[in-house]
Each structure stands twice: as structure tokens, then as C-alpha cells.
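Step one of this worksheet: look at the structure below.
Lettering follows sequence order; numbering is per chain, from 1.
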2 protein chains.
Amino acid sequence: MAGKVQERQAKLRERLIDAGEAQVIVGGLVSMKARDLAAEAGCSLGAIYNVFDDLAALAMAINARTFARMGKVVAASQMGTAAVDPNERLVLMSNAYLHFAAENANLWRALFDIEMSTDTRVPAWYLDELGRLFSFIAAPLAELFPEKNKTELDLMTRALFSSVHGIVLLGLEKRISAVPIAQVEEMIRQLLFQIGNK
Amino acid sequence: MAGKVQERQAKLRERLIDAGEAQVIVGGLVSMKARDLAAEAGCSLGAIYNVFDDLAALAMAINARTFARMGKVVAASQMGTAAVDPNERLVLMSNAYLHFAAENANLWRALFDIEMSTDTRVPAWYLDELGRLFSFIAAPLAELFPEKNKTELDLMTRALFSSVHGIVLLGLEKRISAVPIAQVEEMIRQLLFQIGNK
DNA sequence: CCTTTTATTGAACCATGTTCAAAAACTAAC
DNA sequence: GTTAGTTTTTGAACATGGTTCAATAAAAGG
């Protein structure tokens, strides 16, 4: 049986991702410790490094899961809304983003905690997922601004995503701003309706 | 001489902040190591802990400097612009913020790297500086929206700051978006002019 | 001077990511 | 089934780095 090792390692990978995810949820990325993971996943300390290059790689595997989950949530917010006002579609999408971030605060933060730790390139799937997110935004925007070309729309899409991201980011930062979720929603709604008002 | 020790410690504090700041500039907050700081500041390892509770406290002292410097830059962008169109004033301010962030990337990032590390409260001066930043934004906004009350303006101010912050944040994240500064400026300009268009 | 108090020091402690020589498990050949 | 070779797994050991604290030095008081 050639695939026996592969399979066992795949199982271990899974268990480590599970354990890591659980830990990130309760204590954030910084609380994810190699020895705890090994204990939780029922493997030796070194075994982690048989299936992941380092803990950053494990963190990225967790991020892949989170990103996929978030993608589904954002996509779901647009299901059957083709006829809905584009502005309102953007609000629905942003609220989906906000609520995902609020309900998965530590996992969501981990998504954007990749850069400073290592100097490896961001993996392709990450940029792909981000691209998918952007395309969700671009669709209603294209309806709102049919006169804009691809480049202009692209810039606008990034600007809008970044803006909503910023509002969610600082809105969830209890330490700094401490705004209730409903107010964050209101900020997003205001921003998006201003944008739509040409 | 009673103040002799105080004075020597104050000098050491200063040297440590200098050394730490220099290190953050070149390698980010994570590259700031206790032993390096001691060597650079010409003191023993333990001496750091005579003048700072821990490295997080030193990081905060560096942040205090950075924040003050940034406050000056933003304030300067508004000097003598009382007669200028409020929209344009917001653009000037945001561009000042953007350029400060771009030219002081690691120091600027350190400003927002306080929360996850420790669970101590954000110091008062930090919230004060942030409040000052907000009030700079609130002034042109109040001109643009004279009908809004204090609460509404406050919400709008936060939303706007967060939006610009988000655009700057992701715009500078070379790893993720890789947008030239001029395009980031363009994003901010578009956003702000949309906001002003009632 | 000697004593007491205060400040400074850096070796040691602890936590934690990562490695790698040795052990274990597995495979193939006979 | 046994041996020899190969692959996988292991966890003790290493490297790094923040923090502490007993020991030392400096300062103050008498």
C-alpha cells in the first residue's frame, strides 16, 4: 500500500488544522503553540513538521478554511438578489462580511495576519479568494456605474472593499473604538448609499 | 541630589526609545529584541525593565512619539485652509495621512499593533490623539453636513476615518494588493468626493 | 568608615519554534 | 521468516528571546 502514509499524514494535517482552528478561535493566532497542538492532535512535536513547513504554514491552512467559509457567506448574501437595487446588494454583502468578522473575530483577524511574520509570498489561492470577493463587489458597482471602464471599476472595487474592511476592522476593535455592531452597520450603510448617490 | 537617578533613568528611557524606534523602522515591531536594545542603548539587559514594565510598554512609548509626529503632519495639512472647499480639505488631510503612513510604514503599523499582544487597556493619551485626529475630520464634515447633529457627525467621522484607514492599510500591503501610491490617492479622492456629493 | 538603603546587573529561568540523530515502522528480496 | 535497506516518526536537544531576581555595586546617612 503506497498511499498509506499519505493518508495517515492527511488525517494528521486535518487534526492539526482542527486543533489550530479551535485554538485561534479562543485565543487568537498568537496563542497557537506547537506543543499544545501536538498534544491536542495526538502526535509528537516533530510530527507537525512532517506535514507543515512551519506553524505559519499551518496558520495559512486555517486561513484557507476560514476564507472559503467567508466566501460562501458573502456569496449567500447575493443569492437571488439579481433584481435588488445594487446599492442594497452592496449593503447586504457588507453586512454579511461584518457579521462573519464579528462572529469569527479571531479567525477573521488571522486572515490578515500573514504579512509581517514571514517574507514568503502570499499563496495563489489567497489572492484567488480575494479576487472572488472583489468580483462580488464589482458586479453591483458595474450596474451603478455603467459608464466606468474596467480599470476604473477595479479601482473603485478595491476602494470600496478597503473602506468596508476598515470600518469593520476599527469597529470590532473594542479596545479602540468600542462601537456596537448596529452602529457599524449604520456606518457601512451610510457610506454605501453616499457612494451610490451620483 | 535626589533627582540624579531619575535623570539618568530618563536619559536611558530616551536612548531605549531611540534604539527601539530605529529598529522598528528597519524591521518592524517584531524585530525589536531586548538584547539588541540593551546593546544599542549601552545598558544592561535588566536595565530595560528598570525603566519600562516590559517591551510592550517601550513599544507604546515609541507609538506615542509616532502618533504625535503624525498628529503634527495632519494638522499641518489643514493650516490656512479655512476658506478651502471642505471636500478638498478632507482630501488634503487624507493624503497627509497616506503619505505619513507610506513614509513611516513600520512605525505606522506599530500604532495599530497594540491590541492582540497584551490585554492591558489602551492608554489615555492614545485615545486622546485619536480623538484629535477625529476632530480634524469632523470640522470639514460639519461644514458639508450642517443639518446633521453631533451624534450623526460623530458616526460619520468614525466611518470616514475607518474608510480612509482601510484604503491606506490595504493599499500599503504590497503583499496583497500592490497598488502604487498615486492610485491609493485616487481611491481616497474618489471616495471623499462621493461622500460630499449629497 | 561602617551601615543601610537603593539601583544595577547579567546569569539563569522559562517558554517556544525548529531540527535532527536515533528508533521504529515498513518494504523488498531471498 | 529473516535480513537488509528504506522511509517515517519521534522527542530530546538546540536556538532564540522575554523576564526575573539574587548578587553586586552605588549612594546616602550617621
Carboxylate-amine/guanidinium contact B/Arg132 B/Glu129, below 4.0 Å: yes
Got a second to check how far A/Asn87's CG is from A/Gln194's CD, nearest 0.5 Å? 10.0 Å
By salt bridge (Lys or Arg N to Asp or Glu O under 4.0 Å), A/Glu40 pairs with (sequence neighbours left out) none
Rounded distance (Å) that lies between atom C1' of D/dT9 and atom CG of A/Leu12: 11 Å
Go nucleotide by nucleotide along DNA chain D from the 5' end; which of B/Gly46 and A/Gln9 gets its closest nucleotide reached first? A/Gln9
From B/Arg109 CZ over to B/Asn104 CG, what is the distance, rounded to the nearest 0.5 angstrom? 11.0 Å
Could you check how far CE of A/Met32 sits from P of C/dT18, rounded to whole Å? 10 Å
Are OP1 or OP2 of C/dA7 and a side-chain N or O of B/Gln6 less than 4.0 angstrom apart? no
Rounded to the nearest Å, what distance is computed from the CD1 atom of residue A/Ile48 to the C1' atom of nucleotide D/dT8? 16 Å
What residues from residues 34-44 of chain B pass a heavy-atom cutoff of under 4.0 Å to DNA chain D? B/Ala34, B/Arg35
Indicate yes or no: does B/Arg158 engage B/Asp154 in a salt bridge with an N to O separation below 4.0 Å. yes
From CG of B/Leu16 across to P of D/dG18 the rounded distance in Å is 13 Å
To the nearest 0.5 Å, what is the distance between OG on B/Ser163 and CG on A/Leu169? 11.5 Å
Among the nucleotides D/dT9, D/dT10, D/dT19, whichever has the atom closest to the side chain of B/Asp54 is D/dT19
In whole angstroms, how far is the P atom of D/dG18 from the CG atom of B/Leu45? 9 Å
Among C/dT16, D/dT19, C/dT9, find the nucleotide with the atom closest to the side chain of B/Leu55. D/dT19
To the nearest Å, how far apart are A/Tyr49 OH and C/dG17 P? 6 Å
Distance, rounded to the nearest Å, where B/Arg13 contributes CZ and C/dT8 contributes C1': 17 Å
Does B/Arg8 have a side-chain nitrogen or oxygen under 4.0 Å from the phosphate oxygens OP1 or OP2 of D/dA26? no
What one should report as the nearest heavy-atom pair of A/Ile62 and A/Val24 is CD1-CG2, 4.3 Å
Can you tell me the distance, in whole Å, between the CZ atom of B/Phe52 and the C1' atom of C/dA7? 17 Å
